[in-house]
**Student:** 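First the structure, which I've put down as structure tokens, then a few questions once you've had a look.
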Amino acid sequence: MDDDREPPWLVVGHLNKPHGTKGEFFVWPLTDREETIFAEGSELLVSDLKGEVPDERFPPLKVEGVRPFRTGRLLRFEGVGSRNQADLLRNRYLLIPFAEAEPLEEGDVFYHQLLGMAVVTVDGTEVGKVSEVYELDPADMLEVRGAERSLLVPFTKQIVTSVDPEERRIVIDPPEGLLDL
């Protein structure tokens with residue numbers, strides 16, 4: 001895959017809100033590599049308000065402590081010792097340089113790589129292109145825009161038979177009626 005398609009930054013978490021009075025933060029993980037991304041000693045960058053690039057007003061945050069909490073993690077960062085300091089980070093995203101991301105396992109893709117991929121059925125019928133990926137329960141969904149309409153396709157092994165990042169193509173085997181919704 002062309003490296004020029006890769007973003008310079010990878011979003012790995014969302015700084016939801018301060019937790020308590022000592023600067024601890026509730027973080028929604030946006031990675032499946034939580035154990036290494038949020039490990040003590042790791043450095044994370046605070047995004048700008050759009051969540052696209054690091055905000056130069058904030059130095060890198062070094063993880064000082066981490067513990068699981070509900071559906072996320074509670075993180076404590078060096079130099080952030082009060083709720084007032086933590087409030088400055090509220091609703092920001094945490095980033096790492098894409099070049100420093102752990103390599104993917106064989107057959108895995110980053111969701112951003114799916115955007116713009118052509119979607120076809122196993123018999124070769126063109127469905128459209130991926131315009132968005134939604135992380136939902138019980139299954140993540142691909143929004144596929146065709147010439148006349150958009151539809152949601154579950155991103156599951158039962159429906160998605162192959163993903164080829166090099167060819168920028170996803171092959172699906174939709175159950176009867178899915179493409180008629």
Side-chain angles (χ1 to χ4, degrees), residues 1-117 130-143 152 154-157 160 163 165 170:
M1 181 163 194
D2 274 335
D3 288 331
D4 64 345
R5 267 200 288 248
E6 300 304 346
W9 310 104
L10 191 62
V11 175
V12 294
H14 183 258
L15 291 163
N16 220 28
K17 61 182 181 176
H19 180 83
T21 60
K22 298 190 174 157
E24 202 169 34
F25 234 100
F26 178 72
V27 174
W28 286 103
L30 298 172
T31 176
D32 59 357
R33 305 238 185 339
E34 294 176 45
E35 292 75 26
T36 55
I37 297 288
F38 303 124
E40 287 187 32
S42 295
E43 284 194 355
L44 304 166
L45 302 168
V46 178
S47 77
D48 63 359
L49 293 173
K50 292 181 181 179
E52 296 174 352
V53 297
D55 188 327
E56 294 179 6
R57 295 176 295 168
F58 296 103
L61 297 176
K62 188 169 189 177
V63 178
E64 189 174 69
V66 60
R67 59 189 172 114
F69 184 74
R70 296 189 181 164
T71 58
R73 303 265 183 198
L74 290 177
L75 296 182
R76 197 172 61 255
F77 300 108
E78 281 185 11
V80 181
S82 73
R83 186 175 185 95
N84 288 342
Q85 289 174 315
D87 258 335
L88 297 173
L89 304 171
R90 181 188 293 265
N91 292 322
R92 300 287 185 122
Y93 287 95
L94 293 171
L95 310 171
I96 62 169
F98 186 83
E100 294 178 14
E102 291 180 48
L104 294 174
E105 299 289 326
E106 180 71 29
D108 284 350
V109 294
F110 287 109
Y111 277 1
H112 73 267
Q113 293 173 320
L114 300 172
L115 298 175
M117 279 192 183
V130 177
S131 62
E132 191 60 68
V133 180
Y134 300 103
E135 295 183 57
L136 304 170
D137 280 330
D140 295 343
M141 303 292 275
L142 303 176
E143 182 177 348
L152 293 175
F155 191 58
T156 64
K157 290 179 182 178
V160 176
V163 176
I170 299 170

**Student:** Looking at side-chain heavy atoms only, is the closest gap between Val163 and Met117 below 4.5 Å?
**Tutor:** yes

**Student:** Using 0.5 Å steps for rounding, measure from the CD1 atom of Ile37 to the CG atom of Leu75.
**Tutor:** 11.5 Å

**Student:** For the pair Glu35 and Arg73, find out whether any cationic side-chain nitrogen is under 4.0 Å from an anionic carboxylate oxygen.
**Tutor:** yes

**Student:** Looking at Asp48 and Lys50, is there a salt bridge between them, counting it only when a charged N and a carboxylate O are closer than 4.0 Å?
**Tutor:** no

**Student:** Could you tell me which residues satisfy ring-ring contact (aromatic ring centres under 6.0 Å, His included) with Phe155, sequence neighbours excluded, listed by chain and number?
**Tutor:** Tyr111

**Student:** Check whether any side-chain heavy atom of Ile170 lies under 4.5 Å from a side-chain heavy atom of Leu142, and answer yes or no.
**Tutor:** yes

**Student:** What I'd like to find out is whether the side chain of Arg33 reaches to under 4.5 Å of the side chain of Leu104, using heavy atoms alone.
**Tutor:** yes

**Student:** Tell me the closest heavy-atom pair linking Gly72 and Pro29, and the distance in Å.
**Tutor:** CA-CD, 3.7 Å

**Student:** Quick one: do Phe26 and Leu74 satisfy side-chain contact (heavy atoms from CB on, under 4.5 Å)? Show the steps, please.
**Tutor:** CA-CA 5 Å; Phe26 178 72; Leu74 290 177; 4.0 Å; yes

**Student:** Taking the side chain as everything from C-beta on, heavy atoms only, tell me whether Val27 gets closer than 4.5 Å to Phe69.
**Tutor:** no

**Student:** Could you check whether any side-chain heavy atom of Tyr134 comes within less than 4.5 Å of a side-chain heavy atom of Glu143, counting everything from C-beta outward?
**Tutor:** yes

**Student:** Would you name the heavy atoms of Ala39 and Val63 that are closest together and state the gap between them?
**Tutor:** O-CB, 3.5 Å

**Student:** Does the side-chain contact (heavy atoms from CB on, under 4.5 Å) test come out yes or no for Ile96 and Trp9, once each step is laid out?
**Tutor:** CA-CA 6 Å; Ile96 62 169; Trp9 310 104; over 6 Å; no

**Student:** With heavy-atom distances below 4.5 Å as the criterion, would you say the side chains of Glu24 and Arg67 are in contact?
**Tutor:** yes

**Student:** Check Glu34 against Thr31 and note the closest heavy-atom contact, atom names and distance.
**Tutor:** CG-O, 3.7 Å

**Student:** Taking the side chain as everything from C-beta on, heavy atoms only, tell me whether Phe25 gets closer than 4.5 Å to Leu94.
**Tutor:** no

**Student:** With Lys62, which residues qualify under side chain to side chain contact (heavy atoms under 4.5 Å, CB included), at least two apart?
**Tutor:** Glu43, Glu78

**Student:** Within a strict 4.5 Å, meaning less than it, do heavy atoms of the His112 and Phe98 side chains meet?
**Tutor:** yes

**Student:** Taking Ser42 for its side chain and Thr36 for its backbone only, find out whether a donor-acceptor pair lies under 3.5 Å.
**Tutor:** yes

**Student:** Taking all atoms of both residues into account, what is the closest heavy-atom pair of Leu95 and Val53, and its distance?
**Tutor:** CD1-C, 3.5 Å

**Student:** What's the spacing between Arg83 CZ and Leu88 CG if we round to 0.5 Å?
**Tutor:** 12.5 Å

**Student:** What's the shortest heavy-atom distance between Pro97 and Leu45, and which atoms?
**Tutor:** CD-CD1, 4.4 Å

**Student:** So, taking the atom named CG in Asn16 and the one named CG in Asn91, what distance separates them when rounded to the nearest 0.5 Å?
**Tutor:** 6.5 Å

**Student:** Would the number of heavy atoms belonging to other residues, nucleotides or ligands and lying under 6.0 Å from OH of Tyr93 be above 12?
**Tutor:** no

**Student:** What closest approach, in Å, do Pro154 and Met141 show between heavy atoms, and which atom pair accounts for it?
**Tutor:** CA-SD, 3.5 Å

